[in-house]
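Here the structure is laid out as structure tokens; the discussion comes afterwards.
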There are 2 protein chains.
Amino acid sequence: MTYSEENYIKVIYHLSLVSPKGINTNAIAGMIESKASSVTDMVKKLAEKELVDYQKYQGVTLTQKGLHAAKMIVRKHRLWEVFLVEKLDFTWDEVHDLAEELEHIKSEKLINRLDEFLGFPKEDPHGDPIPDRYGQMIKVEKQLLSEVGLNKKVMCLGVKDSSPSFLQYLDKHQISLGSEIEIINKEAFDMSLTILMNGKEILISNKIAGNLFVKVM
Amino acid sequence: MTYSEENYIKVIYHLSLVSPKGINTNAIAGMIESKASSVTDMVKKLAEKELVDYQKYQGVTLTQKGLHAAKMIVRKHRLWEVFLVEKLDFTWDEVHDLAEELEHIKSEKLINRLDEFLGFPKEDPHGDPIPDRYGQMIKVEKQLLSEVGLNKKVMCLGVKDSSPSFLQYLDKHQISLGSEIEIINKEAFDMSLTILMNGKEILISNKIAGNLFVKVM
DNA sequence: AATAATTTTTAGTTTTGTCTAAATTTATTT
DNA sequence: AAATAAATTTAGACAAAACTAAAAATTATT
């Protein structure tokens, strides 16, 4: 698999998690920052290699082979993120782009050794599950903070959109994975929340709350 | 710099260390496993980017800019090798090909953090010096075991050709970096050596001795 | 159900890095 | 010094992966 083919497979995988039907050309083009016509070309090649099922105008789905390949790329991506944060002291907003490069290093042995070196972590620094060497991963029963009812106590599990600016916002307010939060007010007008964390009250917009995955405790 | 450009710069650097005059097209083609005509094309591009000086039919030399770029690639290669051997328990004959891939990961910050994580090593697992972030590296006053006189005591410093089969040969005979060796006989006919190591006598061919760098003690 | 709007595909180019084969330059030999 | 051999460069072609613009198919709207 080429660098580019791997990126397509990965993007199709991520889109599949959100909508499990056929993934359409434009959605892929949007994610990969290319044009629909380029996607059509690549998708034909992936179909020839039996990594996706594809019928003209009907979108694509991953085959079993494609699904496994995608999970292995995600595995590499997330393990490298753990390495960068835990061993090289990067912050969680810095690691995504680097992991995008590192995920293409081709060696099963390397990634399995890295997994072992890191102590077989189950989640990456953003709270996303890491597939094991067979593609198995834990399922986190998480929901968005914006969907949680009043007066509930929750624990922060991960983020939906892991853009650097959002992650930096969280750092600034000392919100990290494992932080415990209580929702003490919900403003009806703009759905903003007042939360209690480490004894401090913080006001949080609905947009922020809609980007933060939590677990009710 | 593209992946391919980096490989050319690195190869030209390695050839420059052996013969400091202009590096000819065929030598580069041999190392990179391509054809002379491809080399000509690439060398023109590198000259446009001012990474090499090039005049038709006269071979190439690295510019200051090219030399620095080459050292940074070598730095990455050798630091990743140390990481693989020291942290992930790879053997010294396994790491070269993996480091060939890892050396192209583009991040100054990553490589400097890795350097720190590894304790700023001065040499890679084969005894080759690692350039620091400014391109500086130690110079090892080493000579080939085949050139050392009779009855001298030497310490093993590194290898010339680091092919897996040679490295495995060394492992089999328990010769590693730092091993102390005494030359107790030199056969005039085939220049093979009898050496004393850890109290044991071993017979070594001239070809092996010509691949092993040592320092007289 | 016909038309409009959108999405997807096709056709034809472009760029990067490679190749082969032919032409040119340099080196070697007689 | 001329002839031959070897090395190097040029010219033209190709594959991968992208693009633009136009055509075709699907979906939405009236």
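In what follows, chains are A, B, ... by sequence order, proteins preceding strands, each numbered from 1.
Residue A:Asn24 places no side-chain N or O under 4.0 Å from the OP1 or OP2 atom of C:dT7. Applying the 4.0 Å criterion to OP1 and OP2 of C:dT26, one finds that B:Lys56 has every side-chain N and O outside that range. Distances shorter than 4.0 Å separate none of the side-chain N or O atoms of A:Asn26 from OP1 or OP2 on C:dT6. For B:Lys44, a side-chain nitrogen or oxygen approaches OP1 or OP2 of D:dT10 to under 4.0 Å. The phosphate of D:dT10 (OP1 or OP2) has no side-chain N or O of B:Thr40 nearer than 4.0 angstrom. For the pair A:Tyr54 and C:dT9, the criterion of a side-chain N or O lying under 4.0 Å from OP1 or OP2 is met.
Sequence order on DNA chain D of the closest nucleotides to A:Tyr57 and A:Tyr8 puts A:Tyr8 first from the 5' end. Positionally, the nearest nucleotide of DNA chain D for B:Ala27 lies more toward the 5' end than for the other of B:Ala27 and A:Glu5.
Note that the CD1 atom of B:Ile195 and the CG atom of B:Leu212 stand 8.0 Å from one another [nearest 0.5 Å].
Rounded to an integer number of Å, the gap from A:Gln55 CD to D:dA25 P is 16 Å. Taking atom CD on A:Gln58 and atom P on C:dT8, their separation rounds to 10 Å, with Å as the unit. A straight line from CE of A:Met42 to C1' of C:dT10 spans 17 Å, rounded to a whole angstrom. One atom, CD of B:Glu33, and another, P of C:dT18, lie 12 Å apart when rounded to the nearest Å. Taking atom NZ of residue B:Lys35 and atom C1' of nucleotide D:dA13, one finds them 15 Å apart after rounding to whole Å. For the pair B:Ile32 CD1 and C:dC19 P, the computed distance is 10 Å after rounding to whole Å. Atom pair B:Ile28:CD1 and D:dA7:C1' shows a separation of 13 Å (rounding to whole Å applied).
B:Ser4 comes within 4.0 angstrom of the backbone, heavy atoms only, and of no base. When heavy atoms are screened at a 4.0 angstrom cut-off, B:Ser38 is found touching base atoms of the nucleic acid. Within 4.0 Å (heavy atoms only), B:Asp41 reaches at least one base atom of the nucleic acid. Residue contacts for B:Tyr3: at a heavy-atom cut-off of 4.0 Å it reaches no nucleic acid atom on any strand shown.
Between B:Glu100 and B:Lys10 a salt bridge is recorded (basic side-chain N to carboxylate O distance below 4.0 Å). Residues B:Arg78 and B:Glu123 are not paired through a salt bridge, judged by the lack of any N-O separation under 4.0 Å between the basic side chain and the carboxylate. The pair A:Glu6-A:Lys106 meets the salt-bridge criterion, with a side-chain N (NZ, NE, NH1 or NH2) lying under 4.0 Å from an Asp/Glu carboxylate O.
Between B:Phe83 and A:Phe83, a ring centre-to-centre spacing shorter than 6.0 Å is recorded.
Side chain B:Ser37 to base C:dT20: a donor-acceptor pair is found below 3.5 Å.
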